[in-house]
Amino acid sequence: MFPAFLLLCLSNRFSQIDGAIVLFDVETNSLARILRGHVRQVQYFSWSPCGRYLLSCSQDFRVIRWDLTKAGEESSRSVRFVAPVYCAEFHPKNTCVTNQLHMVL
């Protein structure tokens, strides 16, 4: 079972933290993890049905699937699109990702 997280998205065009995703553990009341991968404002989040993966999409034209059980470069996989991505969801029965273009991560 994964801990309960509160998600925060940091976006400040005058700082170095634009696009960072902060996971805050509400059970321990502490910072759990900072996910860095987007370079522009994050638009949407989606949790996988199992709770292991987090999906984020951004105005930087990318969708990133974060594996919260891993660290470093192995923890994320991204797909770049030709336009900003405003919404993406996990398939309700598995961890494949689909969007309006039917791309799969």
Side-chain angles (χ1 to χ4, degrees):
M1 187 79 175
F2 289 93
F5 289 119
L6 172 66
L7 287 171
L8 301 172
C9 182
L10 303 176
S11 181
N12 182 346
R13 66 185 207 177
F14 300 111
S15 73
Q16 301 276 333
I17 58 173
D18 195 32
I21 300 167
V22 177
L23 296 176
F24 190 79
D25 188 335
V26 295
E27 292 175 356
T28 63
N29 200 26
S30 63
L31 178 68
R33 198 163 172 182
I34 298 176
L35 305 174
R36 291 185 175 90
H38 290 292
V39 294
R40 301 217 36 216
Q41 184 177 359
V42 175
Q43 295 297 311
Y44 194 80
F45 298 104
S46 176
W47 288 99
S48 66
C50 66
R52 176 180 173 177
Y53 301 103
L54 174 67
L55 186 70
S56 61
C57 53
S58 170
Q59 290 182 0
D60 63 5
F61 300 13
R62 291 188 304 140
V63 174
I64 300 176
R65 185 192 69 185
W66 305 92
D67 185 341
L68 300 179
T69 63
K70 297 181 179 178
E73 290 184 22
E74 296 178 356
S75 68
S76 66
R77 184 171 176 196
S78 69
V79 173
R80 184 168 171 82
F81 293 87
V82 296
V85 183
Y86 293 98
C87 184
E89 292 279 343
F90 281 99
H91 188 280
K93 294 185 180 177
N94 60 38
T95 57
C96 289
V97 178
T98 61
N99 65 13
Q100 291 179 347
L101 299 175
H102 305 291
M103 301 296 286
V104 176
L105 281 177

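For D60 against V39, the heavy-atom pair with the smallest separation is OD2-N, 2.9 Å.
Neither Y86 nor F61 shares a network with the other; the hydrophobic side chains, linked directly or stepwise wherever heavy atoms of I, L, V, M, F, W or Y lie under 4.5 Å apart, form separate groups for each.
Here CG of L68 is found 6.0 Å from CG of L54. Values are rounded to the nearest 0.5 Å. The distance from atom CD1 of I21 to atom OG of S56, rounded to the nearest 0.5 Å, is 3.5 Å. Between the OG atom of S76 and the CZ atom of R65 there is a distance of 9.5 Å, given to the nearest 0.5 Å.
The side chain to side chain contact (heavy atoms under 4.5 Å, CB included) test applied to I34 returns A20, V22, L31, R36, not counting sequence neighbours. Taking Y44 as the reference, S46, C57, C87, E89 meet the side chain to side chain contact (heavy atoms under 4.5 Å, CB included) condition, with sequence neighbours excluded.
Checking side-chain atoms of S58 against main-chain N and O of Q41 turns up a donor-acceptor pair under 3.5 Å.
By the 4.5 Å heavy-atom criterion applied to side chains, R52 and W47 are not counted as neighbours. Using a 4.5 Å heavy-atom threshold, the side chains of I64 and W66 count as touching.
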